[in-house]
*Asks:* 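Starting off with a structure, shown below.
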Amino acid sequence: MSFIPGQPVTAVVQRIEIRKLRQGEHLILGFSIGGGIDQDPGQNPFSEDKSDKGIYVTRVTPEGPAEVAGLMMGDKVMQVNGWDMTMVTHDQARKRLTKKNEDVVRLLVTRKSLEQAVRHSMM
Amino acid sequence: MHSCAICSPLASLQACEFPAEEQSPSNQTSLAMMQEPQEMVEETVTIEEDPGTPTSHVSVVTSDDGTTRRTETKDMSTNQKVTKVIKTITRRRYLPVTVTETLVVPGGSITPQSKPSTPVPTTFPTTTPSPSETDPVKNTKASKPLVTKMVKTVTTRTVRQVPLGPDGLPLPEGSSPLGSYTDSIDRRYLKNGERYITTPQATSTLTRSYNNYNDSYSDALPPDLGGSQYGGRHYGLHDGYGIGDATDNYGSLSRGVNFRPPRYPYAMANSYRPENSYGTLPIRKDDYGHVAQPQVPMGSSSVDLNRSQPERFQPEPYGLEDDRRSLGPEEEEPYDLEPDYSTVSRRQGTLPGTNRGRTMREPLRDGPRIRGYEDPIEAELIDERHPYIHGMYPAPLAQPERGSMASLDRLAGRRSPSIDSIRKDPRWRDPDLQEVIAMLGHPIDPVKSNAAAYLQHLCYENDKIKKDVRHLKGIPVLASLLDHPKAEVHRKACGALRNISYGKDHDNKVAIKNCDGIPALVRLLRKTNDMEVRELITGTLWNLSSYEPLKMVIINHGLQTMTNEVIIPHSGWEHEPNEDSKPRDAEWTTVFKNTSGCLRNVSSDGAEARRRLRECEGLVDALLHALQSAVGKKDMDNKSVENCVCIMRNLSYHVHKEIPGAEKFTDPSVLHAPGSAGPQRKKKDDAGCFGGKKAKEEWFNQARKNGENDKNYDTLDLPKRTEPTKGFELLYQPEVVRLYLSLLTESQNYNTLEAAAGALQNLSAGQWTWSNYIRATVRKEKGLPILVELLRSDSDKVVRAVAIALRNLSIDRRNKDLIGSYAMRDLVSNLPSGQQRPAKNLEEDTVVAILNTIHEIVTDSSENARSLIQAQAIEKLVAINKTSQSPREDKAASHVLQMVWSYKDLRNALTKEGWNKSHFQPTATGTPKAAKNGKPGYDDTTLPLMEKNQDGYSTIDQRDKDCKYKSSGDGSVDLTEREPLKNDTNRKHYVRSNRPAVKLVDACDVKPQPVDSWV
């Protein structure tokens, strides 16, 4: 997942569709994110490359919508409903995810095990 | 000590010793497999009647385990009848596999001792038990396979009243009656599960039995070849022959004779019948015994014999080799037979049977004949034979024995016209040991050689005789014969020494050394071109090399000679290859196998031994060449390859400390040399040392640099070489990685696999430039999946070596990530779950090694810790921690658990699965601190001993390690993510003291707290 700035990034991704859970007037996805270009990437415990400023899933509520959909702690979010998430601030990412008018978010996420699965199959 | 073995990851393995070898490569494995009742005796009785005879009958037999008693009934019922009773006794003997000697025998490959091959724990090669040696030597007839099966065919013919008329003659071979017997026999065997139905009926009796013997092998062997398995035998026979050489023939016969007839040994056995000692001697006498007997006496039945024999014999091609082999298994029995034979008539009677036996066997011979006997010699032999023998045996084979006997007889002063009569002669006795040893000094050379050969025979697998020979001062005499100008003499002396040198009794080996036997052997190796003698010499040296104190002596006297005379020429390597000369492949000769086995043993004798071997000119080059040629030819399962890889592994042990000039590769100034990627990476590894102390910028730069280096890993530039590497430098060049990986991929030999993994382990240990290259190269060569695959091996030691290699490889950060993700499941699946061991039932050492590897992988990588959790490892770890009987497993498991718990971000997941903190705390030891203090005792050995900069590793303190790693490896990993164990005050202190540095960084540079938003 490391990348070289200016070069296209290749990643193995999984498509995850999360249907938000409505609680009162809150829409709940059931996970938390960390990271963003305005954050210290060095503190991201999940990234392999400590200069990676991407958005990562830091926690997932047990049995919440995200978990049900297959999202896992440590996943790196690549896109949200088609929007790139690799070069956004933390807040931009949060906003993309929490649109009140969208009941469903479609994520492209990548995680090490995916990459490994692919690599493994090629090895 | 064992701790080192296990753990020291860095450590490398040493090989061990291998017992010497054995000569016959053949079936060892299969032998091992056969587990069966101790001994089974099967007897089949067949009755043959002469055609036209109305009745007859007979029978008999019996069997019991120990002995077979045979009853023969002759049929006297009718006049003019000739009844033939054929009794076939098949005896199988299963020797327990555990016996070392036994193991030794046939297949060299089985390591006689389980231990021997084990790598020696790191430091000490010495630990290796001396494996025994196998008797490589087996010489002679003696070679007793583990499983001995003996087939006896006894035919008794009673002639009544009527002399044998032409019609009265027993059936010609192939006649229907015989056929019918055979059938019945076959059936019987078939019941036993024989697969082979030998077509030629004639074969049946003997072959069959072999087949039985072979059950396990059956697939591999064509039925006819049954005999071939006994490769080992074959050697034995040769030796045995030696004994047989008649004094007279001796001069002219030289080698040919040796190869020749198998019979001769038997004859010896019978005639010499040593008292007690013989009991154990494997002598395959039966058949032969019978055969032999007939030759001599011309008794009443002789007529019959003469007639019938020629016919039977002629068909025989005399594939001697096969013959021997096939006969091989039958041993030891002869005594039983004795009683019957005591009377002349009986004996004579037996002849036909014997013949038949042979005839039947013939088919066997065609195929397998391995070594052609030399025809010319044979012819010669024939000429020398006595006329009457000629008549009886068209085949020359029988003769040598005669000759030999004769000579011995003469020696003993009892010359008798015929062996038979000798045997019967009550006055006859075998020369006792003392007399035999005295004969070694006899002025007549053939006497010397015969005596030596006889000694060899007597010593075969008989420790008591070996000891007696030593006590009677026979060993110095034999050693002095090594310098004898006559080939026959030094050859036989060598054979005797080989047998004597084999065995657990090290005093014999020491005795050989004390009379300067080792230099004498080496001298002879330089002098002789006779392949057989070279085999014997190197076999003896192999045996001797299994005894620790002799290793250095062998190195001192024989290293360069063995290298120059054997290793280099047989490896195909050339010092300065001509342009037109094609590269040659290695030849896996017995000599090469023996020599490499010897070097393998001596290579485990510590740093000095390793140094000598590394510096021995051409040795490493030749071994590598041989291995490369093995890989090229896809011929990697043999013993020679195994030996070579083991030597390489041993020589790779501690290269980073023992190579002259090694310091400069670890010297920081070198590391920082511009232009080389290695040093930079190295620096990264070193970062742990300074991590916490550096100013923040530097710290960050470093981290950034590390990141860049990460990217560079795969394009690692190896240093350019101006001139080709040679000698010991070859040991640790990244090019060897491909070689070892090929072996790991292709070889089926567990010892080879273990050694190849051990070599990688050794090379990837330590902190010097080359090990960095090696670790990166393993990855680039796609070696990690190969290693991981081997974690599934059925062999305990392979799993262990691979696990430790992975641990060392994971010193490289990229490797650690890959291993963490690819290997975790396989590592975990090797752990016992609860009380139950996994199917493989791995030894404690292996389990501890795996746990340590897991610990290493999980350290400093929460991602890997996560993989560990996903692999369902926690349950197993907790179970080990709670229930394991082994304190070492226990501790290793609890370290892993503590490490896992230290990742705060994983606790959620853990708690969700029902784990709580108590599961991750050290159990019995009370406070964590105590646990930690306890650690060094066993644990630092389990941790990589990186003397230089890796204090973190060997130190006890877990959190110490954590901190270091954090700062080093990841550079900027968030400290808070990993919480130190709460109750550890030390730790808190430590963290606190460290925090400032970290905080500084945080405060100045970045947002103090990462934002984490729920969505």
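Each chain gets a letter, A, B and so on, in the order the sequences are listed, and its residues count up from 1.
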*Asks:* With a 4.5 angstrom heavy-atom cut-off, which part of A:Ile33 approaches chain B: side chain, backbone, both or neither?
*Replies:*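 When you check distances to chain B, atoms from both the backbone and side chain of A:Ile33 fall under 4.5 Å.
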*Asks:* Taking everything shown except A:Arg94 itself, do over 12 heavy atoms lie less than 6.0 Å from its CZ?
*Replies:*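 Yes, enclosed.
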*Asks:* Return yes when atom CH2 of A:Trp83 has more than 12 non-hydrogen atoms of other residues, nucleotides or ligands closer than 6.0 Å, and no otherwise.
*Replies:* no
*Asks:* Pick one of side chain, backbone, both or neither for A:Thr98, based on which atoms fall under 4.5 Å of a heavy atom in chain B.
*Replies:* side chain
*Asks:* If we define contacts as heavy-atom pairs under 4.5 Å, which of A:His26, A:Lys20, A:Met73 has the most with chain B?
*Replies:*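 Top option by heavy-atom pairs under 4.5 Å: A:Met73.
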*Asks:* How long is the span from the OG atom in B:Ser861 to the CD atom in A:Glu48, to the nearest 0.5 Å?
*Replies:*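 Rounded to the nearest 0.5 Å, the OG-CD separation comes to 9.0 Å.
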*Asks:* Using side-chain heavy atoms (C-beta onward) and a distance below 4.5 Å, is B:Arg866 in contact with A:Lys112?
*Replies:*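 Not in contact.
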*Asks:* For B:Ser862 and A:Pro45, work out which heavy atoms get closest and say how close.
*Replies:*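 Heavy atoms only, the tightest pair is OG-O, 3.5 Å.
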*Asks:* Distance from B:Asp905 atom CG to A:Arg59 atom CZ, nearest 0.5 Å?
*Replies:*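 One gets 11.0 Å once the value is rounded to the nearest 0.5 Å.
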*Asks:* Please state whether the side chain, the backbone, both or neither of A:Ser47 comes within less than 4.5 Å of a heavy atom of chain B.
*Replies:* neither
*Asks:* Check each atom of B:Leu818 against the heavy atoms of chain A and say whether the ones under 4.5 Å are side chain, backbone, both or neither.
*Replies:*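 The answer is the side chain of B:Leu818.
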*Asks:* For a quick test of reading the model, state the closest non-hydrogen atom pair linking A:Phe46 to B:Glu863 and the distance between them.
*Replies:*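 For A:Phe46 and B:Glu863, the tightest heavy-atom pair comes out as O-OE1, 4.4 Å.
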